[in-house]
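Numbers restart at 1 for each chain; the letters A, B, ... are given by sequence-line order, proteins then strands. For the numbers below, each heavy atom of this structure counts, side chains included, while hydrogens, waters and symmetry mates do not.
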Protein chains: 2
Amino acid sequence: MSVTSIKDIARLSGFSVSTVSRVLNNTGRFSETTRKKIIRIAKENNYSQNIIAKGMRKGRLAIIGILVPDITNSYYASIVKKCEQYFFKKDYLTIVCNTERNAGLEEKYISKLSNHMVDGLVVISTQNVIRKEQVDLPTVFIDRSPKLNNNIITASSDNYTGAVLATNHLIDKNCFPIMLTNKDNEFSSNESRIKGFTETAQSRGISNPTIISTNTNSDEIYLAKKAILTQLTVLWSKHRKLGIFAINDNVASYIYQIAIEEGFNVPDKLSIVGFDDAPIAKKLQLSTIRQNTSEIAKVSCSNLLKLLKHENILEHKFTIPISLIKRKTT
Amino acid sequence: MSVTSIKDIARLSGFSVSTVSRVLNNTGRFSETTRKKIIRIAKENNYSQNIIAKGMRKGRLAIIGILVPDITNSYYASIVKKCEQYFFKKDYLTIVCNTERNAGLEEKYISKLSNHMVDGLVVISTQNVIRKEQVDLPTVFIDRSPKLNNNIITASSDNYTGAVLATNHLIDKNCFPIMLTNKDNEFSSNESRIKGFTETAQSRGISNPTIISTNTNSDEIYLAKKAILTQLTVLWSKHRKLGIFAINDNVASYIYQIAIEEGFNVPDKLSIVGFDDAPIAKKLQLSTIRQNTSEIAKVSCSNLLKLLKHENILEHKFTIPISLIKRKTT
DNA sequence: GCTATTTGCGCAAACGTTACCGCAACTTGC
DNA sequence: GCAAGTTGCGGTAACGTTTGCGCAAATAGC
């Protein structure tokens with residue numbers, strides 16, 4: 001029930017409020033007998049600190065805010081979960097905000113989180129809130145381009161190398177490389193992957209690799225089927241074996257579905273590499289580029305906490321290694 | 001930067017702290033000219049309320065805590081997301097806690113969330129923390145058996161009817177029904193489904209439907225393949241067509257994978273119905289029982305808020321309708 | 001046995017709000 | 001023009017902590 005305050009414990013134990021506080025926080029000076037008595041009475045009365053009052057005094061509540069586009073996406077969920085667990089071990093709780101990539105919502109969330117609600121912020125993959133956020137809170141960005149600003153902390157996968165790995169793998173398997181990516185490629189991670197794809201293909205003597213841009217939202221991608229098939233048909237007239245590097249596993253699995261429906265042999269006629277190593281990739285045995293979400297989370301959280309403790313930050317841009325997982329689609 | 005306090009605004013505007021507070025909260029009496037001046041000065045100085053101080057005064061921070069086994073699970077993620085969005089619309093923020101179904105962790109989270117950190121709690125599918133939770137906070141339970149206690153609010157899918165729908169559907173398709181479920185069926189949702197499955201089969205004249213219990217964790221289920229295959233082979237010797245009702249879509253998709261690998265024709269030789277309508281079910285075109293996560297979230301959140309406002313709660317057990325989605329595996 | 005240090009504890013301010021209460025000044029009603 | 005009501009505002013207590021300061025008592029040093 002804990003309706004008891006520190007005053008009650010003081011009254012019941014016969015000591016002053018300050019002595020009780022010192023005992024309970026194990027700071028300052030008090031005798032062993034005093035300690036035992038106060039602890040006993042506190043326990044008997046089921047006392048526990050009022051966190052708000054403590055926060056008021058300390059100026060902080062020990063909460064971290066996470067802005068994430070959509071917790072339902074397994075890649076984001078994986079990062080958020082690991083951040084939450086990391087923070088909890090360090091005695092922070094985590095407020096999660098689904099922003100839907102909606103700038104208006106983001107602003108609303110941020111203004112709610114400001115004013116001492118949270119100690120710091122983890123922001124995953126949002127575009128244009130940067131102005132607002134810098135106002136207030138110690139922040140770490142995940143999946144945002146390191147090049148945007150020099151004074152903010154960012155952590156993201158090594159998207160460029162991921163694309164290099166995928167592209168080389170496809171070419172090694174004698175595929176003509178095709179990249180299937182988002183239509184709205186405002187995300188720097190996308191840019192890096194396109195760059196890695198193009199440069200790798202060119203370095204392997206393929207001057208004109210194909211890039212297909214389409215809407216890749218779960219629902220919208222179903223509309224792109226015909227257009228994709230047309231492009232594939234054209235390419236098959238020139239190349240025996242095609243290799244698709246998809247922007248994520250969701251898209252890759254969709255291509256895989258189409259291949260099964262249409263009877264294209266995978267991987268003999270069409271090879272597929274996804275991105276993320278989401279559960280679906282494991283389930284369908286898709287080859288993919290694994291993003292190390294544990295490491296992304298760990299780097300982000302540890303550096304945010306350093307920021308909060310005003311420790312020296314050695315670097316501001318963290319690039320997390322990435323790896324190729326070979327499965328049945330290549 | 002908002003280092004400004006209400007006192008600064010009072011000083012700068014020439015009014016008292018109380019007048020400023022009244023204007024800013026739009027309570028009590030003040031003149032229009034006063035209002036304009038104070039608002040202007042507050043804006044100029046980029047003032048915003050210190051949420052902790054306000055919380056101290058009000059006794060609450062307007063935060064809700066959610067205990068969830070694992071945010072990485074799409075069914076849970078979907079519920080958590082909708083709760084978060086619901087609460088945010090009502091001006092609450094949401095702290096998310098991944099409990100991993102670990103009783104020790106649950107207790108730790110709950111004790112962190114108590115002491116005025118959160119106004120209320122949403123608890124998803126945990127077993128034995130009920131004792132602890134009842135101590136403190138207004139709580140809504142999701143996916144817990146309504147029968148456990150009469151004074152707590154619970155919301156869960158109509159698992160019984162879900163099982164009835166699935167079983168009838170399989171029998172309608174001339175399948176001999178098999179249920180594939182968790183080994184540790186401490187969850188009431190599981191019990192209800194088993195009951196629905198058994199009773200339906202019996203009512204359709206099948207007195208001995210098969211129930212296979214195994215570990216259904218993502219990793220562990222891979223170990224059960226041989227045992228499952230053995231059972232299926234035995235049953236095929238007696239029945240032309242088998243129909244598996246799987247405890248969730250993850251398990252269903254695993255069975256589907258096995259069927260493809262082993263060359264069992266789906267749905268002609270083996271039909272499959274999953275549970276949840278997770279993304280994987282849509283992707284693989286699995287027939288399944290859809291849980292209405294939106295409705296579960298809505299009912300849970302709205303009733304928790306009623307509890308917080310001390311409104312009358314009309315009922316304490318909410319059972320959310322469920323539906324059969326027919327796709328390619330039946 | 002006297003000074004110097006340490007120990008144990010209490011007082012009170014402060015964190016930034018909100019809200020009750022009271023009091024002028026102004027307005028209304030007749 | 002006077003009583004009654006209304007409006008606009010300020011003073012201040014309170015929410016439950018933590019913490020700097022001070023002081024008496026106990027202990028140590030020699």
Protein-nucleotide distance (A:Met56, atom CE; C:dT17, atom C1'), rounded to Å: 7 Å
Footprint string (nucleotides 18-27 of chain C, 5' to 3'): B base within contact, S backbone only, - free, heavy atoms under 4.0 Å: BB--B-----
Which pairs of donor and acceptor atoms, one on a side chain in residues 55-64 of chain A, lie under 3.5 Å apart (sequence neighbours left out)?
unit_1  : atom_1 : unit_2   : atom_2 : d
A:Arg60 : NE     : A:Asp119 : OD2    : 2.8
A:Arg60 : NH2    : A:Tyr92  : OH     : 3.4
A:Arg60 : NH2    : A:Asp119 : OD2    : 3.4

B:Arg11: salt bridge (charged side-chain N to carboxylate O under 4.0 Å, His left out) partners, not counting sequence neighbours: B:Asp8
Sequence neighbours excluded, every pair satisfying salt bridge (Lys or Arg N to Asp or Glu O under 4.0 Å) that has a member inside residues 62-80 of chain B: A:Lys81-B:Asp70
Protein-nucleotide distance (A:His116, atom NE2; C:dG16, atom P), rounded to Å: 8 Å
Set of salt bridge (charged side-chain N to carboxylate O under 4.0 Å, His left out) partners for B:Glu295, sequence neighbours left out: none
Listed partners of B:Tyr75 passing side chain to side chain donor-acceptor pair (under 3.5 Å), at least two apart: B:Asp143, B:Gln291
Residues A:Asn159 and A:Ser189: side-chain donor-acceptor under 3.5 angstrom: no
Contacts of B:Asn98 that satisfy side chain to side chain donor-acceptor pair (under 3.5 Å) - sequence neighbours left out: A:Glu84
Contacts of A:Glu315 that satisfy salt bridge (charged side-chain N to carboxylate O under 4.0 Å, His left out) - sequence neighbours left out: none
Spacing of B:Asp8 atom CG relative to C:dC15 atom P, expressed in whole Å: 11 Å
Sequence neighbours excluded - salt bridge (Lys or Arg N to Asp or Glu O under 4.0 Å) pairs with any residue from residues 41-55 of chain A: A:Arg40-A:Glu44
Axis-to-axis angle between the two ends of the helix from C:dG1-D:dC30 to C:dC30-D:dG1 (five base pairs per end, rounded to 10 degrees): 20°
Chain B contact limits on DNA chain D, taken 5' to 3' with a cut-off of 4.0 angstrom to heavy atoms: D:dT7 to D:dG16
Sequence-distant partners of A:Thr293, side chain to side chain donor-acceptor pair (under 3.5 Å), two or more places apart: A:Ser78, A:Lys82
